[in-house]
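Report on the following structure.
Each chain gets a letter, A, B and so on, in the order its sequence line appears, and its residues count up from 1. We use all heavy atoms of the structure for the numbers below, so side chains are in, but hydrogens, waters and symmetry mates are not.
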Amino acid sequence: MKVLVAVKRVIDYNVKIRVKADHSDVDLTNVKMAMNPFCEIAVEEAVRLKERGVATEVVAVTIGPKAAQEQLRTALALGADRAIHVETEERVESLAAAKLLAKVVEEEQPGLVILGKQAIDTDNNQTGQMLAALAGLPQGTFASEVVVEGDKLQVTREIDGGLQTVSLSLPAIVTTDLRLNEPRYAKLPDIMKAKKKPLDVKSPADLGVEVTSKLTLLKVESPAERKGGIKVGSVDELVDKLKNEAKVI
Amino acid sequence: MSILVLAEHHDGQLAGATAHVVAAAKAIGGDIDVLVAGENVGAVAEAAAKLDGVSKVRVADHAVYAHQLAEPMGALLVELAGDYRHVLAAASTTGKNVLPRVAALKDVSQLSEIVEVVDADTFKRPIYAGNAIATVQSADSLKVITVRSTGFDAVGEGNSAAIESVDTVVENRQSAFVKQELAQSDRPELAAAKVVISGGRGMGSGENFKLLDGIADKLGAAIGASRAAVDAGFVPNDMQVGQTGKIVAPELYIAVGISGAIQHLAGMKDSKVIVAINKDEEAPIFQVADYGLVGDLFEILPELESKL
Ligand SMILES: Cc1cc2nc3c(=O)[nH]c(=O)nc-3n(C[C@H](O)[C@H](O)[C@H](O)COP(=O)(O)OP(=O)(O)OC[C@H]3O[C@@H](n4cnc5c(N)ncnc54)[C@H](O)[C@@H]3O)c2cc1C
Ligand SMILES: Nc1ncnc2c1ncn2[C@@H]1O[C@H](COP(=O)(O)O)[C@@H](O)[C@H]1O
C-alpha cells in the first residue's frame with residue numbers, strides 16, 4: 001500500500017509571533033520556520049506503517065513556496081521515499097490545498113493519505129476533511145490510533161467526550177492528533193541520504209487547479225493583552241482576594 | 001437570508017454549545033433553522049425548539065445519522081445547504097469533522113472558529129494559537145462557519161419553534177461506528193463550567209489529580225489539564241485545555257503546576273480571572289495570572305481546600 005503524507009511549512013511552534021505594524025498580516029520575515037507539528041506526526045505514522053510492512057512506499061507532498069522543499073527534505077530524512085512539491089508563492093487556503101491534494105491523490109492512487117489535523121498558523125482544521133470530501137473517501141480525523149486490517153482501517157479518534165473508534169473502507173484519509181505517536185528526530189546520515197531522494201516539482205497549473213480564494217484577509221490584530229496581575233503571599237490572601245476583590249467565589 | 005445551525009447533541013441531549021451557535025447566527029441576522037440529525041433525537045429537537053431566535057427545527061432522525069459520522073452528516077448538509085446563505089456549527093469535534101466536507105462539496109471556503117461577527121460576510125477568528133486575531137471577509141455565496149462558543153453568550157430558552165422532519169436519507173458504505181469510550185463525570189462540562197481548575201505536569205501523577213477533587217467539589221468546578229498531563233497518562237484526552245484541546249473562558253481558571261506554554265494559554269487566556277499556582281516564580285503562566293501564588297502545590301492544595 002502506498003501512503004501519501006501532506007506536510008506544511010509553518011512558523012516554528014516555539015516562536016512568539018508579531019503582527020505587522022500596518023495590520024496586514026503576521027510578520028514572518030526572519031522567523032524560524034519548520035514542519036507543522038501535526039505533519040511530523042503524520043510522517044512518523046507513515047514511516048512506522050512502512051517499517052511494519054503495511055506500507056510499501058511513503059510519498060510526502062507539500063504545497064508552498066520554494067523554501068517549503070526544506071520540509072520535504074525533512075520528511076525524506078525521516079523515512080519518506082520520495083517527495084512532490086507543488087510550488088506556488090501565493091497564499092493557499094485550505095480549499096485550494098485540498099483541491100491540489102485531490103489531484104495528487106488521483107495521480108498517485110495511494111491506499112492511505114495522512115495529514116495533520118490542523119496547521120498551527122491558520123488553525124484551520126479543514127484540509128483533510130475537504131480532501132476526503134473531494135476525493136470521495138472516508139475520513140478518520142483527530143486520530144490517536146490507526147490500525148490497518150485487510151481492506152479496512154480502524155481509527156481511534158480523540159473527540160470532545162473521550163475516544164471514538166470508527167472502521168473505514170480503504171482508501172481513506174486520516175488526520176493526526178497529538179497522541180498518535182511521538183515523532184523521531186532525523187539522524188545525520190539520513191539527512192545526507194535525503195538529499196539524493198527524488199523530489200518532483202509541479203505547479204498548480206500542471207494539476208489544473210486555481211489557487212485563488214474568495215476570502216480576503218482584511219486585518220490582523222494582536223489580541224487584547226491581559227494586564228499583569230499580582231503575586232499573593234499566602235493561601236489566606238488568595239482566598240480573600242477571590243472572595244472580596246474579584247468576587248468569583 | 002436564512003441560516004442553518006447544526007445542533008450539537010450527545011446521549012440524546014442537546015449540548016450547551018448550540019445556544020452559543022444560535023447567538024452567532026442572531027448576530028449575522030436572518031431566519032434561523034436548526035438541524036438536528038441523529039437517531040432517536042426527538043428530545044433534542046424539542047430542546048432546540050426552545051432556543052430564542054430559532055424559526056424552525058428540522059429533524060433528520062435515522063440510523064444512518066447515528067453517532068453523527070462525517071460522511072453521512074456531510075452528505076445530508078450538502079442536500080439541505082441550497083436553502084441557506086450560512087451554515088453554522090459549533091467548533092466541537094463534531095462540527096470540525098463534518099463542516100469542511102460541506103464546504104468542499106459546495107466549493108466554498110470554511111471560516112473556522114469565529115469569535116465575532118462583524119457583518120454577514122465578515123468575521124473575526126483567532127490564528128496562530130490566538131496570538132493574532134484575523135478579520136476575514138468571504139465573497140462565497142454560501143458561508144460555512146464553525147463557531148467558538150466562548151465568543152458568544154448563549155441565547156435564552158423562551159421559544160417554541162416549529163419542528164418538522166427531514167426525509168432525506170443518505171447512503172453510507174464507507175464508514176461504520178465501532179465503539180466509544182466516553183469519560184463519565186458528575187462535574188460540569190469543561191466548556192460550560194463557571195470555574196475550571198486544571199493540573200499540569202507538576203501534578204506528578206494521575207493519583208495526585210485527586211488533590212484537585214475536593215477544591216472542584218467546593219467550587220462546583222470542572223477539572224482540566226495541560227497537554228503534558230494528558231500525554232503522561234495522568235488523565236484522559238478530553239480534559240486537555242489549549243490550542244488543540246478545549247477552549248474555555250470561565251469566571252475563574254486555576255492553573256496548578258502548569259508552566260503556561262502559548263499552546264495552553266490559547267485555551268484559557270480569555271478567562272475572567274486567572275489564578276496560577278506554581279513553584280517556579282519565573283513560570284510564564286504568572287504573566288497572565290491575576291493572582292499568582294508561588295509555592296509547592298502539594299502544600300498549597302490541601303490548605304486551599306480546607307480554607308474554601
Ligand atoms: C502542536 C502543539 C499543540 C499543543 N497543544 C497544547 C494544548 O492544547 N494544550 C496544552 O496544554 N499544551 C499544548 N501543547 C504543549 C505545550 O507546548 C506544553 O508542552 C505544555 O502545555 C506543557 O504542559 P505543563 O505546563 O503541564 O508542563 P511543563 O511545561 O513541564 O510545566 C510544569 C510546571 O509545573 C511546575 N511544578 C512542578 N512541580 C511543582 C510543584 N510541586 N508545585 C508547584 N508547581 C510545580 C513547574 O514549575 C512547571 O512550571 C502543544 C504543543 C504543540 C507542539
Ligand atoms: N500547503 C499545504 N501543503 C501541504 N499540506 C497542507 C497544506 N495546507 C494544509 N495541509 C495539510 O492539512 C493539514 C491541516 O491543515 P489546515 O486544514 O490548514 O489546518 C496540515 O497538517 C497538512 O497535513
Side-chain angles (χ1 to χ4, degrees), chain A residues 11 13 16-17 19 26 93-95 98 118 120-126 129-130 132-134 137-139 141-142 144 154 158-169 178-179 213-223 226 228-232 235-236 238-239 241-242 246 248-249, chain B residues 10 69-71 74 92-93 96-97 100-101 103-105 109-110 112-113 122 126-140 174-183 219 227 231 236-238 244 251-252 269 272-273 275 287-294 300 303-304 307-308:
Chain A
I11 191 166
Y13 80 97
K16 180 107 175 61
I17 57 117
V19 169
V26 162
E93 293 286 347
S94 295
L95 178 64
Q118 138 183 13
I120 61 159
D121 48 4
T122 58
D123 283 333
N124 267 348
N125 197 331
Q126 305 173 355
Q129 299 86 314
M130 287 180 159
L134 295 174
L137 298 176
Q139 69 189 40
T141 52
F142 327 142
S144 65
Q154 283 243 2
E158 294 204 358
I159 60 170
D160 287 337
L163 296 172
Q164 179 188 66
T165 307
V166 291
S167 169
L168 309 176
S169 58
L178 293 170
R179 281 161 286 273
S213 148
K214 294 215 167 108
L215 292 186
T216 314
L217 185 59
L218 296 180
K219 189 162 69 178
V220 175
E221 301 159 280
S222 294
R226 283 193 83 91
I230 57 160
K231 292 240 171 74
V232 291
V235 170
D236 287 315
L238 175 64
V239 172
K241 292 279 185 200
L242 291 176
V248 285
I249 59 171
Chain B
H10 311 283
L69 298 182
E71 298 78 11
S92 61
T93 47
K96 289 172 178 172
N97 197 31
R101 288 186 74 101
L105 293 171
S109 291
Q110 175 181 294
S112 295
E113 299 218 22
T122 316
I127 53 176
Y128 294 89
N131 288 300
I133 308 290
T135 304
V136 188
Q137 191 167 51
S138 163
D140 281 316
Q174 292 186 313
S175 63
F177 173 82
V178 178
K179 66 176 181 196
Q180 208 148 270
E181 294 153 46
L182 299 185
L219 296 176
R227 172 187 170 185
D231 282 2
N237 66 283
D238 60 285
T244 53
E251 299 275 302
L252 174 60
K269 72 180 161 55
K272 190 160 158 257
V273 174
V275 169
Q287 289 164 22
V288 299
D290 300 280
Y291 304 110
L293 184 52
V294 179
I300 292 172
E303 186 184 344
L304 180 61
K307 287 183 172 156
L308 281 171

For chain B, which of [options] has the most heavy-atom pairs under 4.5 Å?
| options | value |
| --- | --- |
| A/Ile11, A/Thr122, A/Leu178 | A/Leu178 |
| A/Leu95, A/Asp123, A/Asp160 | A/Asp160 |
| A/Leu168, A/Leu215, A/Val166, A/Asp236 | A/Leu215 |
| A/Ser144, A/Gly229, A/Ser169, A/Gly161 | A/Gly161 |
| A/Lys219, A/Glu158, A/Gln139, A/Met130 | A/Gln139 |
| A/Ile249, A/Leu217, A/Ile230, A/Thr141 | A/Ile230 |

I'd like a table of donor-acceptor pairs (distance under 3.5 Å, sequence neighbours excluded) in which one partner is a side-chain atom from residues 175-183 of chain B, with atom names and distances.
{"residue": "B/Ser175", "atom": "OG", "partner": "B/Glu71", "partner atom": "OE1", "Å": "2.6"}
{"residue": "B/Ser175", "atom": "OG", "partner": "B/Asn172", "partner atom": "ND2", "Å": "3.0"}
{"residue": "B/Gln180", "atom": "OE1", "partner": "A/Gln164", "partner atom": "NE2", "Å": "2.8"}

Return yes if some donor-acceptor pair links the side-chain N/O of [X] with the main-chain N/O of [Y] below 3.5 Å, else return no.
| X | Y | value |
| --- | --- | --- |
| B/Asn237 | A/Gly162 | yes |
| B/Asp140 | B/Ser109 | yes |
| B/Thr93 | A/Ile159 | no |

Beyond-backbone contact of B/Glu113 with B/Lys96, side-chain heavy atoms, under 4.5 angstrom |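 Yes, at least one pair of side-chain atoms sits under 4.5 Å.
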
Are any non-hydrogen side-chain atoms of B/Arg101 and A/Gln126 less than 4.5 angstrom apart?
->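 Counting from C-beta outward, B/Arg101 and A/Gln126 never come under 4.5 Å.
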
Side chain, backbone, both or neither: which part of [X] has an atom under 4.5 Å from a heavy atom of chain B?
| X | answer |
| --- | --- |
| A/Leu238 | side chain |
| A/Val26 | side chain |
| A/Ala98 | neither |
| A/Thr216 | both |

Let me know if B/Ile133 has heavy atoms under 4.5 Å from chain A in its side chain, its backbone, both or neither.
->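 Both backbone and side chain.
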
Go through B/Asp290 and A/Lys241 one step at a time and tell me if the salt bridge (Lys or Arg N to Asp or Glu O under 4.0 Å) criterion holds.
-> CA-CA 10 Å; B/Asp290 300 280; A/Lys241 292 279 185 200; over 6 Å; no

Can you tell which of [options] has the highest number of heavy-atom pairs within less than 4.5 Å of chain A?
| options | result |
| --- | --- |
| B/Leu219, B/Asp231, B/Ile300, B/Thr122 | B/Asp231 |
| B/Ala139, B/Ser138, B/Ala289, B/Pro100 | B/Pro100 |
| B/Leu293, B/Leu304, B/Leu69, B/Asn97 | B/Asn97 |

Carefully, step by step, assess B/Gln137 and B/Thr135 under the rule side chain to side chain donor-acceptor pair (under 3.5 Å).
-> CA-CA 7 Å; B/Gln137 191 167 51; B/Thr135 304; over 6 Å; no

Can you sort out the partners of B/Lys272 under salt bridge (charged side-chain N to carboxylate O under 4.0 Å, His left out), two or more places apart, ordered by chain and number?
->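 Counting only residues at least two positions away or on another chain, B/Lys272 forms a salt bridge (charged side-chain N to carboxylate O under 4.0 Å, His left out) with B/Glu251.
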
